[in-house]
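Okay, handing you the structure first.
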Amino acid sequence: MKILVTGGAGFIGSNFIRYWLEHHPADSLVNFDKLTYAGHLSTLKDFENNPRHRFFEGDIQNPDAIANAAEKGIDAIVHFAAESHVDRSIYGPIDFVRTNVLGTTHLLEWTRQHPQTRFVLVSTDEVYGSLSLEDRSKKFKWGDPYQPRNPYAASKASADHLSRAYHHTYGLDIMITNCTNNVGPYQDPEKFVPLSITNLLEDKPIRIYGDGKYIRDWLWVDDHIMGIEKVLLKGKRGETYLFGGKSEIDNLSLAKRILAKLKKQESAIEFVSDRPGNDRRYAMDYSKTLKELDWQPTLGIDEILDKTIAWYQENSWWWKPIKGRKEGVVITHG
């Protein structure tokens, strides 16, 4: 099988390629990435010379670039490429609409011209809106109405709707996945967990929005990738699959756990003004995915943090140059 991976120089996309090369030795991958602020060639270092991996620099907003990357025949597309940072979407929403909506539409149009291609859109839990802190039993579930509350979430919701419409209108083999917050190796250091870890390694503070009571459910990136693998190989066309973790925790408590694991004092926490429209809580009911694909997460929050902290401690060669290029950019959370 030959797979076109969009956004393959980013966090989840590069980990997907790394996993697939190891576990599917008969397959080849075409890595198509624009190399924006979230895509880095250094992320590809360990497999850049693998003969089963080809890299194309290009923009999914450009139909000719898509056709060039896919010219030798593609069996499946796994679409990770997106403007993905909520903070950036608040202050620059147009880029999110162009990439996440128009770019996805160009990929869908290519798929419409090549209807034998299986298309997996990797999306987010944020399309469903926000959950309250009062009722912790409630989670987003398959079939819930979309209620996006920030430009990033709205652009991803639009991509989901378009993908679903292309399946129903043209009969294409399209599936959608929605996941909670991923964490793990090669995550850009402007995201909350790697930013907190790397700041502490540099003796800088952890920044917390508002009261710190915002709850996220954290998912180990390889657990997510193994779920996408099941969707790609066994998923039913037209279906949506949800992926959640076993790690609901508020941001302040998460920061304190990172501090404790790095043997730092809680005085390193710095509270900053809240961002506009910050969603209180995300959580996913992945029971449908468990039932249909036999998938569930394997790691809890402490194991996730231990593995992530160890990786950033051992790989400063990767994150220090990236952070250095972004000095002065005020980004605090994923």
Side-chain angles (χ1 to χ4, degrees), residues 1-33 47 50 52-56 60 66 69-70 72-82 84 103-104 107-108 110-112 114-125 127 142 156 159-160 162-164 166-168 170-180 182 184 186 219-245 284 286 288-298:
M1 179 163 60
K2 180 181 285 188
I3 305 170
L4 176 67
V5 180
T6 70
F11 167 42
I12 307 177
S14 66
N15 278 290
F16 175 86
I17 292 173
R18 193 171 287 107
Y19 175 91
W20 207 272
L21 288 171
E22 179 181 353
H23 292 89
H24 298 272
D27 293 351
S28 61
L29 299 104
V30 177
N31 182 351
F32 186 60
D33 198 292
F47 58 77
N50 190 308
R52 295 188 292 118
H53 166 261
R54 288 191 303 140
F55 176 75
F56 283 83
I60 59 172
I66 294 170
K72 293 185 179 180
I74 294 295
D75 301 299
I77 296 174
V78 183
H79 178 28
F80 296 98
S84 65
T104 298
L107 286 168
L108 291 167
W110 185 92
T111 305
R112 185 161 73 93
H114 302 81
Q116 78 285 354
T117 307
R118 172 157 274 209
F119 185 101
V120 179
L121 171 65
V122 180
S123 190
T124 174
D125 54 359
V127 298
W142 177 81
K156 291 296 288 184
D160 288 12
L162 281 163
S163 298
R164 204 167 279 120
Y166 268 69
H167 162 71
H168 287 293
Y170 305 112
L172 301 179
D173 186 4
I174 294 174
M175 292 164 292
I176 299 167
T177 70
N178 300 94
C179 68
T180 54
N182 280 222
Y186 296 102
L219 177 62
W220 180 240
V221 65
D222 280 353
D223 279 341
H224 182 204
I225 287 165
M226 286 186 281
I228 296 170
E229 176 186 37
K230 286 179 177 288
V231 171
L232 186 56
L233 298 179
K234 301 178 181 179
K236 298 177 182 177
R237 56 196 301 152
E239 289 291 339
T240 296
Y241 296 97
L242 308 188
F243 296 102
M284 281 290 206
Y286 56 83
K288 174 177 181 281
T289 308
L290 173 61
K291 179 180 179 181
E292 295 188 11
L293 298 179
D294 191 28
W295 176 92
Q296 59 183 323
T298 65

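Being a predicted model, the structure only gives us computed values, none of them experimental.
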For this session: Can you measure from CD1 (I74) to CE (M1) and round to the nearest 0.5 angstrom?
Result: 10.5 Å
Exercise. Rounded to the nearest 0.5 Å, what separation is found between the CD1 atom of I17 and the CG atom of N50?
Worked result: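 One gets 10.5 Å once the value is rounded to the nearest 0.5 Å.
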Seminar exercise, completed: Residue set satisfying side chain to side chain contact (heavy atoms under 4.5 Å, CB included) with Q116, at least two apart, ordered chain then number -> H114
Exercise. Do F11 and N15 have side-chain heavy atoms sitting under 4.5 Å apart?
Worked result: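 F11 reaches N15 side chain to side chain.
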Exercise. Which atom names give the shortest non-hydrogen contact between V5 and F80, and what distance separates them?
Worked result: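 Nearest pair, atom of V5 first, then F80: CG1-CD1, 3.7 Å.
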For this session: Enter the distance from L219:CG to Y286:OH here, rounded to the nearest 0.5 Å.
Result: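 Answer for the CG-OH pair, L219 versus Y286, is 9.5 Å.
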Exercise. Taking only residues two or more places apart in sequence or in another chain, which ones pass ring pair (Phe, Tyr, Trp, His ring centres under 6.0 Å) with H53?
Worked result: F47
For this session: Could you check K2 against D75 for salt bridge (Lys or Arg N to Asp or Glu O under 4.0 Å), going step by step and ending with a plain yes or no?
Result: CA-CA 5 Å; K2 180 181 285 188; D75 301 299; over 6 Å; no
Problem set entry | By side chain to side chain contact (heavy atoms under 4.5 Å, CB included) - contacts of M284 (at least two apart) | D125, Y128, F140, N178, T180, L242
For this session: Begin with the C-alpha distance, continue with both residues' side-chain angles, and end with the deciding distance and a verdict on side chain to side chain contact (heavy atoms under 4.5 Å, CB included) for I60 and H79.
Result: CA-CA 10 Å; I60 59 172; H79 178 28; 3.7 Å; yes
Problem set entry | Where A81 and G7 come nearest, the two heavy atoms and their spacing | CB-N, 3.5 Å
Seminar exercise, completed: Here the pair of heavy atoms bringing V78 nearest to I228 is CG1-CG2, 4.1 Å
For this session: Take M175 and R118, measure what side chain to side chain contact (heavy atoms under 4.5 Å, CB included) needs, and give me the verdict at the end.
Result: CA-CA 8 Å; M175 292 164 292; R118 172 157 274 209; 3.3 Å; yes
Problem set entry | Residue pairs passing the salt bridge (Lys or Arg N to Asp or Glu O under 4.0 Å) test where at least one lies in residues 9-26, sequence neighbours excluded | R18-D46
For this session: Compare all side-chain heavy atoms of I77 with those of T111 and state whether any distance is below 4.5 angstrom.
Result: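 SC-SC contact between I77 and T111 confirmed.
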For this session: Drop me the distance from L107's CG to T104's OG1, to the nearest 0.5 angstrom.
Result: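 It comes to 6.5 Å.
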Problem set entry | Those residues that, when tested against W220, pass side-chain hydrogen bond (donor to acceptor under 3.5 Å, both in side chains) (two or more places apart) |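 Not a single residue meets the side-chain hydrogen bond (donor to acceptor under 3.5 Å, both in side chains) criterion with W220.
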Exercise. In Å, rounded to the nearest 0.5 Å, how long is the span from CD of E292 to CH2 of W142?
Worked result: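 Between atom CD of E292 and atom CH2 of W142 there are 8.0 Å.
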Exercise. Are L293 and V231 close enough, and set up right, to give a side chain to side chain contact (heavy atoms under 4.5 Å, CB included), and what steps lead you there?
Worked result: CA-CA 7 Å; L293 298 179; V231 171; 3.6 Å; yes
Exercise. Can you name the residues that form a side-chain hydrogen bond (donor to acceptor under 3.5 Å, both in side chains) with D27, not counting sequence neighbours?
Worked result: W20
For this session: State, to 0.1 Å, how close L21 and R52 come at their nearest heavy-atom pair, and which atoms those are.
Result: O-NH2, 2.6 Å
For this session: Under the side chain to side chain contact (heavy atoms under 4.5 Å, CB included) rule, what do I176 and Y241 come out as? Steps first, then yes or no, please.
Result: CA-CA 6 Å; I176 299 167; Y241 296 97; over 6 Å; no
Seminar exercise, completed: When rounded to the nearest 0.5 Å, the distance separating CH2 of W110 from CZ of F119 is 10.5 Å
Problem set entry | Set of residues satisfying side-chain hydrogen bond (donor to acceptor under 3.5 Å, both in side chains) with respect to R112, sequence neighbours excluded | E109
Exercise. Do we see a donor-acceptor contact under 3.5 Å between the side chains of E229 and H24?
Worked result: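 The answer is yes; a qualifying pair exists.
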Problem set entry | Inter- and intrachain pairs under salt bridge (Lys or Arg N to Asp or Glu O under 4.0 Å), touching residues 6-16, at least two apart |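 Residue pairs passing salt bridge (Lys or Arg N to Asp or Glu O under 4.0 Å), neighbours aside: none found.
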Exercise. Judged by atom type as modelled, is there a donor-acceptor pair below 3.5 Å linking the side chain of T117 to the main-chain atoms of A76?
Worked result: no
Problem set entry | Taking every non-hydrogen atom, the tightest pair across G244 and P297 | O-CG, 3.4 Å
For this session: Heavy atoms only: give me the nearest L172-L108 pair and the separation to one decimal.
Result: CD1-O, 4.3 Å
Exercise. Quick one: side chain to side chain contact (heavy atoms under 4.5 Å, CB included) partners of A69, sequence neighbours excluded?
Worked result: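 Residues passing side chain to side chain contact (heavy atoms under 4.5 Å, CB included) with A69: L4, V30, F32, F56.
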For this session: Only counting residues at least two apart or in another chain, list the ones meeting side-chain hydrogen bond (donor to acceptor under 3.5 Å, both in side chains) with Y170.
Result: none
Can I get a per-line list of side-chain donor-acceptor pairs under 3.5 Å for residues 232-240, giving both atom names and the distance, sequence neighbours left out?
from	atom 1	to	atom 2	distance (Å)
R237	NH2	G171	O	2.7
E239	OE1	K288	NZ	2.9
T240	OG1	R164	NH2	2.9

For this session: List for me each residue that meets salt bridge (charged side-chain N to carboxylate O under 4.0 Å, His left out) alongside D160, sequence neighbours excluded, and say none if there are none.
Result: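 If we apply the salt bridge (charged side-chain N to carboxylate O under 4.0 Å, His left out) test to D160, skipping adjacent residues, there are no hits.
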For this session: Using the six-membered ring wherever Trp is involved, compare the ring planes of F243 and H224 and label them parallel, tilted or perpendicular (cut-offs 30° and 60°).
Result: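 Plane angle between 30° and 60°, so tilted.
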